[in-house]
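Down below is the structure, laid out as structure tokens.
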Amino acid sequence: MPAEALLTDLTDPQREAVTHRDGPLLVLAAAGSGKTRVITRRAAWLATHVGAGHVLAITFTNKAAEEMRQRIAALGAGRGLTVGTFHSFCARLLRQHADRAGIEANYSIFDQTDRGRAIKDAISRCELASEAWKPSNVELRISQAKNHMLAPDRMLTEAVDFRDQTIARIYAQYEHILTENNALDFDDLLLRVAQLLDRDKALRGELEERFAYVLVDEYQDTNRAQYLIARRLTETRRNICATGDPDQSIYGWRGANLANILDFESDYPDAKVVRLEQNYRSTRRILRAADELIQANQRRKEKQLWTENPEGVGVCGFIYDDAQDEADGIAEQIARLHERGRSLGQIAIFYRVNAMTRVLEEAFRKKALSYQIARGVEFYNRREIKDVLAYLRVMVNPSDEISLVRIINTPARGIGKTTIDRLRAHARETGRRSIDLVAAAETVGNLKAAAAKRIGEFAALLEKLRKVAAGDSVREIVEKTLSLTGLERTVADQAGGDSDQVGNLAELVSAAAEYDQEHTDQKQPLQGWLEQVSLVSDVDKLDGAGAVSLMTLHAAKGLEFDVVFIAGLEEGLLPHLRSRDSADELEEERRLCFVGITRARQELYLSYALYRSLRGSTIRTVRSPFVDDLEGADVEWHDRSGARDARPRRRAARSEAERLALRWRVGQLMYHPEYGTGRLVRLDRSGSRTMARVRFTAYGEKSFSVEHTELEAVEIDGDFEQ
DNA sequence: ACGCCAGAAGTTTTT
DNA sequence: CTTCTGGCGT
């Protein structure tokens with residue numbers, strides 16, 4: 001395909017973005033503005049002009065990477081282009097340059113389960129009680145530290161209290177455990193590459209030479225480490241192309257920094273900026289709803305969204321009685337759409353939390369509608385799957401003690417906790433690896449003879465597996481592991497034959513087979529496969545054929561469907577409870593809803609239920625403030641009686657909390673149980689909620705929703721202190 | 001060493 | 001309402 005043909009069906013701004021050659025480029029692409037097409041064409045255009053080998057494209061999911069690869073192949077732009085997610089790109093880079101990164105190339109990638117285990121170990125090695133130092137909390141703090149590229153020693157010196165000091169100590173111990181295990185966690189993959197590029201100028205030079213043109217998609221969701229990686233890779237040539245949309249930033253909780261995209265122009269003063277504002281995806285009505293909603297965000301760059309698409313059918317809202325009713329209602333509507341010829345593969349349901357899938361699944365089964373759920377990650381977190389993978393990980397990386405401990409008595413072979421503890425303790429005392437003691441159990445003095453014998457048998461099993469693992473068909477390796485270890489039999493026996501565990505194992509084998517087919521000349525196929533399964537994202541295995549797609553709003557990013565349902569528009573669910581205290585988080589929730597709406601091409605259905613049961617008890621819900629935000633858009637609301645125009649009325653009276661807040665004045669003292677006293681610096685009554693902004697000496701400024709916060713005014717002698 | 005049972009705890013999103 | 005964990009009994 002001649003290069004010019006890449007451009008014929010593009011609009012002017014699109015063509016501008018595609019053919020910009022040297023220097024920084026920012027593509028601010030509104031939802032549905034043909035961004036995917038632009039970056040694909042741009043990658044292809046660059047490939048034909050500078051050579052595919054010089055182009056690096058970073059996508060947000062593996063699925064997006066795969067699609068890009070295929071589209072570029074279809075455009076005939078040749079092979080040799082590097083496409084992947086930040087995580088997969090970094091994982092590969094760290095293997096290739098393991099020596100320079102200071103790790104071994106066969107390192108394991110720890111997922112959250114492994115990380116949780118390692119953190120628990122770290123806490124106990126610090127001789128702390130896991131009740132007082134909750135692993136989940138410690139985990140969060142460590143992840144945040146890594147996202148800010150903060151090392152344990154610096155965290156320790158910067159710690160202001162005992163709590164922070166202790167966290168830093170656990171963090172240091174955790175890092176030590178990772179090293180012992182020859183393992184990296186997800187954050188490390190990015191962090192290590194960022195550090196490596198900083199430290200190793202020679203390598204950076206090489207990479208800059210190789211990847212002379214770098215494209216980063218979904219730039220609004222990059223975190224600090226990702227930002228630095230992109231920046232370092234393009235230090236000399238400055239050929240960075242960032243694409244994204246600030247209104248679709250939804251990963252702030254994972255360390256994504258909206259400032260990365262907002263400050264691009266000041267980072268690169270010579271940047272060319274292309275705005276793609278025409279929407280080609282949605283009907284006018286859908287786009288109006290999206291725009292109406294996002295307008296409610298204060299922290300935002302104003303943007304003109306427009307389309308030449310037809311008006312389309314009305315956006316519908318449905319008020320259901322409860323979650324089950326909602327699920328049934330949605331299933332019923334989908335059945336009707338299907339009868340009228342709508343393909344199931346073009347229909348999707350989005351929701352805020354995974355817990356909502358259950359009722360939906362039941363409803364779909366009742367109606368015999370086929371569906372697929374986007375949850376690749378969950379599959380690889382299943383116990384039976386993790387067990388198999390742990391065996392394989394030990395084969396590839398014998399230092400991986402977390403995996404070793406997982407399999408040493410799985411399936412049960414009479415090696416109990418006491419034995420394992422003794423083995424590990426002895427390993428620590430002698431400075432040897434547990435795996436080496438397994439192979440020489442008789443040398444571990446304090447083991448009982450029977451236990452040592454069983455460990456010896458286990459060692460023989462590992463030896464057998466090691467020979468198997470040297471093979472070059474991953475499928476065969478997986479199959480033989482299943483049979484030699486007895487995992488297959490155990491699962492079949494326990495499950496009585498018909499649970500989905502057996503099916504999961506079969507699925508794992510076919511995943512391995514698929515990998516074999518796609519990677520015929522891989523030097524280390526097992527290692528490669530393990531890496532791939534460690535880094536799967538939820539949407540990776542969605543295939544769009546013949547089934548309704550169910551997924552979280554987060555997973556919906558980057559996808560599009562003819563018909564979209566968004567369920568559970570309720571206060572506390574969407575926006576989620578966790579966002580109640582912070583204006584920024586509330587805005588992120590609104591963006592999340594915006595992302596959902598803008599996935600729809602032709603039809604959009606919103607819904608909420610009047611009652612929802614949560615953890616056993618059923619509560620009366622309050623509809624989402626986003627429903628009120630949409631009041632200016634012509635959404636037609638129906639209630640369960642079928643009555644049309646059941647348009648939600650505005651909340652009649654101010655709540656008690658809001659009435660109290662009417663007496664607050666900017667400048668007065670406030671008290672918050674978590675942050676202490678602070679001064680009120682702003683009161684914002686413009687949105688659907690009243691927001692108060694308070695400056696605390698120790699914590700800086702925080703925003704609170706008056707409706708929900710525990711913030712109160714400090715009163716002195718019955719009057720406010722001024 | 002293992003398996004069962006009772007009780008507690010859990011409130012989001014994911015590479 | 002679940003899922004996991006820890007303790008206790010065999």
Side-chain angles (χ1 to χ4, degrees), chain A residues 58-65 84-91 109-116 120 130-131 134-137 139-140 143 146-147 184-191 218 221-223 225-226 249-256 323 350-359 374-381 383 408-421 448 450-451 454 494 531-540 551-557 568 572-580 585 588-589 591-593 595-596 612-619:
Chain A
I58 305 278
T59 57
F60 199 72
T61 62
N62 299 298
K63 182 166 183 260
T85 63
F86 265 111
H87 285 87
S88 66
F89 171 71
C90 290
I109 298 173
F110 275 9
D111 64 18
Q112 56 272 65
T113 315
D114 307 319
R115 182 166 73 170
K120 271 191 188 161
S130 59
E131 299 85 56
K134 285 204 318 216
S136 59
N137 183 42
E139 210 172 316
L140 190 74
S143 182
K146 289 192 178 186
N147 276 328
L184 299 178
D185 65 23
F186 289 131
D187 298 321
D188 286 330
L189 295 174
L190 308 172
L191 180 71
E218 308 286 8
D221 279 321
T222 50
N223 65 22
Q226 291 167 330
S249 164
I250 55 176
Y251 282 92
W253 52 274
R254 207 168 74 182
F350 305 148
Y351 36 79
R352 178 67 232 263
V353 296
N354 280 310
M356 288 176 70
T357 50
R358 184 165 304 201
V359 258
R375 53 176 170 199
V377 175
E378 196 190 284
F379 175 78
Y380 289 101
N381 277 336
R383 217 194 63 229
I408 195 166
N409 196 35
T410 309
R413 52 173 72 87
I415 302 173
K417 190 175 181 308
T418 325
T419 306
I420 298 171
D421 285 347
K448 282 198 281 188
R454 292 193 196 108
Q494 282 172 358
E531 178 181 304
Q532 184 186 292
V533 304
S534 295
L535 300 176
V536 290
S537 36
D538 270 346
V539 293
D540 286 352
M551 68 191 82
T552 63
L553 284 158
H554 282 91
K557 185 164 84 157
L573 196 53
L574 179 64
H576 194 268
L577 219 66
R578 271 282 307 259
S579 68
R580 59 159 52 169
E585 283 179 274
E588 179 157 308
E589 296 285 315
R591 291 195 293 268
L592 196 52
C593 189
V595 165
R612 194 168 292 269
S613 43
L614 188 67
R615 223 167 58 230
S617 59
T618 302
I619 50 152

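Residue numbers begin at 1 in each chain, while the letters A, B, ... track the order of the sequences. Being a predicted model, the structure only gives us computed values, none of them experimental.
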Any idea which heavy atoms bring A/Arg413 and A/Ile408 closest together, and the distance? NH1-O, 2.8 Å
Identify the heavy atoms of A/Leu190 and A/Cys90 that sit nearest to each other, and give their distance. CD2-SG, 4.0 Å
Given protein heavy atoms under 4.0 Å, the one-letter contact record of nucleotides 10-15 of chain B, with B base, S sugar-phosphate only and - none, is simply BBBBBB
Reckon A/Ser613 has a side-chain N or O less than 4.0 Å from the OP1 or OP2 of C/dC1? no
Any donor and acceptor pair, going by atom type alone, linking the side chain of A/Ser143 with main-chain N or O of A/Leu140 inside 3.5 Å? no
Shortest non-hydrogen contact from A/Thr85 toward A/Thr61: CG2-C, 3.4 Å
Interatomic distance at P, B/dT13 relative to C/dC4, whole Å: 14 Å
Could you check which of C/dT3, B/dC2, B/dA1 has an atom nearest any side-chain atom of A/Arg358? C/dT3
What is the distance, rounded to the nearest whole Å, between atom CG of A/Asn137 and atom C1' of B/dA9? 16 Å
Spacing of CG belonging to A/Leu189 relative to CZ belonging to A/Phe86, to within rounding of 0.5 Å: 12.5 Å
Taking ring pair (Phe, Tyr, Trp, His ring centres under 6.0 Å) as the definition, give me every residue that meets it alongside A/His87, ordered by chain and number, with sequence neighbours left out. none
